[in-house]
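In what follows, every chain begins at residue 1, and chains take the letters A, B, ... in the order their sequences are listed. The basis for the numbers below is simple: all heavy atoms, side chains too, and nothing from hydrogens, waters or symmetry mates.
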Amino acid sequence: MSEPKGGPFLITNTLTRRKEEFKPLRPPHVGLYVCGPTVYSDVHLGNVRSFLTFDVLYRWLTHIGYTVRYVRNITDVGHLVGDVDEGEDKIAKRARLEQLEPMEIVQKYTNGFHDVMRLFNILPPSIEPTATGHLIEQIEMVKRIIASGYGYEANGSVYFDVPKFAEKHAYGELSGRKIDELLANTRDTEGMDEKRSPLDFAIWKKADPVHLMKWPSPWGEGFPGWHLECSAMSTKYLGQTFDIHGGGMDLKFPHHECEIAQSVAADGHAPVRYWMHGNMLTVNGRKMAKSEGNGFTPEELLTGNHKLLEKGYSAMTVRFFMLQCHYASTLDFSNAALQAAEKGLERLMKAMPLLDRLKAAETDEADIAALEQRCHAAMNDDLNSPVLIAELFEGVRIINSAHDGKLKLTAASIDRLAKLMRAMVHDVLGLKDEGTSAKTDDGALDALVGEFIRMRAEAKGRRDFAASDAIRDRLEVLGIRLKDGKEGTTWERA
RNA sequence: GGUCACGUGGCCGAGUGGCUAGGCAGAGGUCUGCAAAACCUCGUACAGCGGUUCGACUCCGCUCGUGACCUCCA
């Protein structure tokens with residue numbers, strides 16, 4: 001494959017801070033790695049936004065013809081709760097609080113994570129490796145880092161020697177940090193006596209005797225450092241250098257910076273060619289985060305049972321809401337914005353079934369090819385889903401106008417428009433019908449409502465509008481809304 | 001404190017050195033017995049102050065404001 005379908009695909013590479021043309025290492029294959037969740041508590045909406053961003057990336061790469069191997073890990077090793085390097089690990093803490101085995105915690109929240117992903121129609125990755133399933137690879141990587149001279153053992157733990165690494169390599173390149181500034185900003189050095197420098201980070205950590213999640217290693221019983229699993233697993237499944245690594249902005253430093261250092265130290269190669277970072281979801285201007293306590297669970301979202309929510313919103317409403325904002329911008333949550341998205345999505349989704357009912361004309365009054373071109377251009381420009389959605393509303397206008405008989409389309413244009421709309425709405429944006437239309441209901445209800453529509457038509461025929469309006473009003477109360485059109489009356493759920 | 005972003009019409013949010021995305025809300029109109037829906041028309045916004053330019057919302061500087069990272073975090 002020399003060129004992707006529909007022209008070059010540009011992405012903002014956070015390593016260079018520029019928009020670059022995406023050229024995979026081994027086309028048509030693309031290696032994509034995304035940092036997954038740490039499974040010690042419920043995922044919240046902010047987490048969902050990040051996984052949604054890369055879901056759309058995955059969908060778009062696939063749509064333009066690439067074969068993508070998408071790896072997204074599950075962090076199931078208990079990393080430490082507090083600052084510095086002391087204290088309880090997160091999973092063990094949760095296990096104690098919930099009185100469960102650590103691996104029960106891991107399973108419980110992994111299941112929950114998968115449920116949420118399904119709810120938001122986020123596709124599963126090609127490989128979903130766990131940190132605990134790749135201890136051997138991680139231990140081997142620690143050995144390679146020690147062998148290259150950038151790792152040292154101290155009291156059963158192994159640390160990465162950042163200042164030494166920085167002498168020959170660009171530590172801080174991704175996050176735009178300089179070693180001197182980092183050193184100048186170092187906070188207290190308590191509990192860091194094992195480290196040669198406060199900038200050093202653990203790649204293997206000795207477990208104290210009460211620690212629950214620990215494994216044997218050449219340095220004694222312990223557990224891998226937080227940054228190590230991503231390096232080890234991405235290398236295993238995507239190679240020492242691969243195409244795209246994604247994650248939230250907040251992972252840029254230190255997590256991704258450390259990943260680069262580890263890979264360079266262990267294998268001598270920069271691991272990633274294009275880094276992509278999604279921005280944060282905010283609430284009242286503040287980042288939604290577990291530590292802020294301003295997040296909410298999918299159940300709360302659907303039911304509206306949360307102090308921040310005026311009402312419940314469907315998963316697709318939220319998905320659409322997020323896609324109306326570019327992934328690299330912060331997106332502020334608000335009820336007003338969510339309600340606007342709900343209305344907009346409804347308009348878009350209601351136009352989709354009309355595609356089957358358009359009547360072909362001899363001439364064309366809309367340029368579907370140009371619309372198609374603009375849709376592709378939007379997504380090829382750094383996944384600009386807001387612009388794609390704007391174009392899709394142009395498609396909605398065309399569909400509605402044609403359906404009203406105010407705009408002519410040839411059979412070929414109708415076919416092309418239908419294919420375009422379905423591909424963009426369902427395949428690329430991942431928006432699915434949530435079953436509010438009459439079409440998905442069983443035939444009995446449709447037949448029943450049809451009977452009322454007939455009765456009402458008879459009343460209207462007698463010009464007995466009191467009777468016809470009564471039928472309409474009572475059905476409305478029951479959640480059935482009648483709509484009179486040129487070709488008769490249709491209904492939908494109110 | 002250091003580093004880096006951002007500040008767009010009532011709200012949410014794209015974007016560009018000159019040709020005023022889109023959605024929601026609002027106003028008027030067409031259609032309809034009425035209504036709903038749909039369609040058409042309407043808002044000339046870009047924090048403030050300077051500078052560069054024939055021309056800046058878009059580039060540069062300063063000021064103000066907000067946020068993120070610097071510690072686990074998507």
K.L.:
Using heavy-atom distances to pick each residue's nearest nucleotide on RNA chain B, tell me which of A/F465 and A/Y40 is more 5'.
P.N.:
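Per heavy-atom nearest nucleotide, the more 5' residue is A/F465.
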K.L.:
In dot-bracket notation, what is the pairing pattern of RNA chain B, taking Watson-Crick (N1-N3 plus N6-O4 or O6-N4) and G-U wobble (N1-O2 and O6-N3) contacts under 3.5 Å, with [ ] crossing and | for other strands?
P.N.:
(((((((..(((.....[...))).(((((.......)))))....(((((..]....))))))))))))....
K.L.:
In chain order, what residues pass the ring-ring contact (aromatic ring centres under 6.0 Å, His included) check against A/Y40, with sequence neighbours excluded?
P.N.:
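Not a single residue meets the ring-ring contact (aromatic ring centres under 6.0 Å, His included) criterion with A/Y40.
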K.L.:
Quick one: side-chain hydrogen bond (donor to acceptor under 3.5 Å, both in side chains) partners of A/R286, sequence neighbours excluded?
P.N.:
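side-chain hydrogen bond (donor to acceptor under 3.5 Å, both in side chains) list for A/R286, sorted by chain: empty.
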K.L.:
Any Lys/Arg nitrogen of A/R422 or A/D356 sitting under 4.0 Å from an Asp/Glu carboxylate oxygen of the other?
P.N.:
yes
K.L.:
Each nucleotide in nucleotides 6-17 of chain B should get exactly one letter: B, S or -. Can you fill that in based on protein heavy atoms under 4.0 Å?
P.N.:
------SSSS--
K.L.:
Less than 5.5 Å between centroids and less than 30° between ring planes, does A/F393 satisfy that with B/G23?
P.N.:
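A/F393 vs B/G23: stacking no.
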K.L.:
Assess the side chains of A/D76 and A/T132: does a donor N or O sit below 3.5 Å from an acceptor N or O?
P.N.:
yes
K.L.:
When only distance counts, do a donor and an acceptor, one from the side chain of A/R472 and one from the base of B/C34, lie under 3.5 Å apart?
P.N.:
yes
K.L.:
Can you sort out the partners of A/A166 under side chain to side chain contact (heavy atoms under 4.5 Å, CB included), two or more places apart, ordered by chain and number?
P.N.:
A/Y171, A/I179
K.L.:
Indicate whether OP1 or OP2 belonging to B/G22 is found under 4.0 Å from a side-chain N or O atom of A/R397.
P.N.:
no
K.L.:
Taking the six-membered ring where the residue is Trp, are the ring centres of A/F165 and A/F160 under 6.0 Å apart?
P.N.:
yes
K.L.:
Classify the side chain of A/D484 and the base of B/C34 as holding, or not holding, a donor-acceptor pair under 3.5 Å.
P.N.:
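It does, because a donor-acceptor pair links the side chain of A/D484 to the base of B/C34 below 3.5 Å.
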K.L.:
Please check this pair: side chain of A/Q138 against backbone of A/A131, looking for a donor-acceptor N/O pair closer than 3.5 Å.
P.N.:
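It does hold such a pair.
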K.L.:
On RNA chain B, nearest-nucleotide positions of A/H44 versus A/F320: which is more 5'?
P.N.:
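With A/H44 and A/F320 compared, the 5'-side residue is A/F320.
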K.L.:
Whether the side chain of A/T14 engages the backbone of A/R17 through a donor-acceptor N/O pair (distance < 3.5 Å, no angle test) should be reported.
P.N.:
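Answer holds: no.
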K.L.:
May I ask you to evaluate whether A/K287 reaches the phosphate of B/C69, defined as a side-chain N or O under 4.0 Å from OP1 or OP2?
P.N.:
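Indeed, a polar side-chain atom of A/K287 lies that close.
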K.L.:
At under 4.0 Å, does any side-chain N or O of A/K460 touch on OP1 or OP2 of B/G33?
P.N.:
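No, no such contact exists.
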K.L.:
If you compare every side-chain N and O of A/N47 against the phosphate oxygens of B/A74 (OP1, OP2), does one of them come in below 4.0 Å?
P.N.:
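A/N47 to B/A74 OP1/OP2: side-chain N or O found under 4.0 Å.
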K.L.:
Under 4.0 Å: is that the gap between some side-chain N or O of A/R286 and OP1 or OP2 of B/G67?
P.N.:
yes
K.L.:
Who passes ring-ring contact (aromatic ring centres under 6.0 Å, His included) against A/F320, sequence neighbours left out?
P.N.:
none
